[in-house]
Amino acid sequence: MEKKTTKILIVEDEAKLARFMELELKHEGYDVVIAENGRIAMEKFHEASPDIMLLDLMLPELSGIEVCRRIRKVSDIPIIMITAKGEIMDKIAGLDSGADDYITKPFVIEELLARIRAALRRTAHEKTNTENDILSLKGLTVDIARRTVMFEDNEIELTKREFDLLAYLIRNKNIVITREQILNQVWGYDYFGETNIVDVYIRYLRTKIDDRFGVKFIHTIRGVGYFAKDEEENS
Ligand code: CA
């Protein structure tokens, strides 16, 4: 059977940039579909069933964040947000809305290609991953196959990345893990120095688990990294 070509949906209202990405990606052998605003993005998404999406943040009609949220309700395809320089809060909002990764404009095409390959590799890896481990820390249960997290009888809703980070921490419980290790294992490659993304996600997990249930699973070793630890009795 012929191997299906990977289809990329580019959502970008700057026509020149969209055209540039289209040419480069076609040159790499990808199928490319373009949408120039958020509303068209949703239409093209349903019409074309892309394998991966490059999503500009600032868009007419529907913002990139809103597009991302809507797609996340029905699909877990990789989404790479395209943000302008300095939109730190927007980046965080983008990741929080379910994007897998982001790239900052202006970028070199090699970086974009590397991120696309990494995102596609992770998806392929997840699809072939048939493990059905149940990981646990005291009171906390992570079901890898069903991708659910429970604290005692309470279900905890996590985004995909939060889940992967938590699973990685618990797999390596009681071992200190550096930010770089987390980036490599959870994000899949070096993050070009922006390791603070790990801190952002640790904060999300703490809010959703430690703060919510008054427990302390995630510990910080200042200047080094993090580790997950069974909560001590009577502490
Ligand atoms: Ca834009």
Side-chain angles (χ1 to χ4, degrees), residues 5-123 159-162 183 187-201 204:
T5 311
T6 300
K7 195 185 287 173
I8 301 181
L9 174 56
I10 299 174
V11 187
E12 172 60 69
D13 59 317
E14 284 171 51
K16 266 173 81 177
L17 179 58
R19 179 74 183 140
F20 165 71
M21 288 193 282
E22 179 185 21
L23 289 175
E24 293 287 346
L25 294 173
K26 280 187 170 162
H27 181 73
E28 293 294 314
Y30 294 111
D31 267 355
V32 177
V33 178
I34 292 183
E36 58 270 28
N37 67 45
R39 187 181 46 76
I40 295 173
M42 292 308 300
E43 288 169 15
K44 294 266 166 97
F45 168 77
H46 289 292
E47 222 173 81
S49 319
D51 300 292
I52 181 168
M53 189 165 177
L54 309 179
L55 178 60
D56 184 30
L57 195 78
M58 303 298 273
L59 286 170
E61 309 251 352
L62 280 179
S63 75
I65 303 260
E66 186 52 33
V67 170
C68 190
R69 273 199 200 108
R70 291 187 187 190
I71 286 178
R72 274 293 167 262
K73 286 185 182 157
V74 294
S75 165
D76 60 0
I77 65 159
I79 298 176
I80 301 176
M81 282 274 185
I82 303 173
T83 65
K85 221 179 181 159
E87 295 174 334
I88 300 285
M89 287 318 292
D90 295 326
K91 278 177 197 168
I92 292 171
L95 292 166
D96 207 23
S97 69
D100 296 271
D101 196 2
Y102 64 82
I103 186 165
T104 306
K105 287 190 245 188
F107 50 81
V108 292
I109 197 69
E110 288 75 16
E111 184 185 353
L112 179 65
L113 293 172
R115 286 174 187 271
I116 290 171
R117 285 192 300 268
L120 291 169
R121 256 198 319 272
R122 282 194 298 274
T123 316
T159 64
K160 180 176 167 300
R161 187 78 77 204
E162 290 164 356
L183 283 174
W187 274 259
Y189 52 91
D190 285 327
Y191 226 76
F192 301 95
E194 299 210 52
T195 54
N196 64 344
I197 197 69
V198 172
D199 305 308
V200 170
Y201 272 81
Y204 291 158

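As the structure lists them, so they are numbered: ligands from 1, and atoms in each ligand from 1. Since this is a predicted model, take the numbers as computed values, not measurements.
In this structure a side-chain-to-backbone donor-acceptor pair under 3.5 Å is present from K7 to A48.
Electrostatic pairing of K44 and E47 does not count as a salt bridge here, judged by no charged N lying under 4.0 Å from a carboxylate O. Note on E12 versus K105: salt bridge recorded, some NZ/NE/NH1/NH2 to OD/OE distance being below 4.0 Å.
In summary, an N, O or S atom of D13 is located under 3.0 Å from the Ca ion (ligand 1). The Ca ion (ligand 1) does not have E12 among its coordinating residues (no N/O/S atom, backbone or side chain, under 3.0 Å).
Draw a line from the Ca ion (ligand 1) to O of M58 and another to OD2 of D56, and the angle between them is 80° (to 10°).
Inter-residue side-chain proximity for I82 and Y102 is flagged as unmet; no heavy-atom pair is nearer than 4.5 Å.
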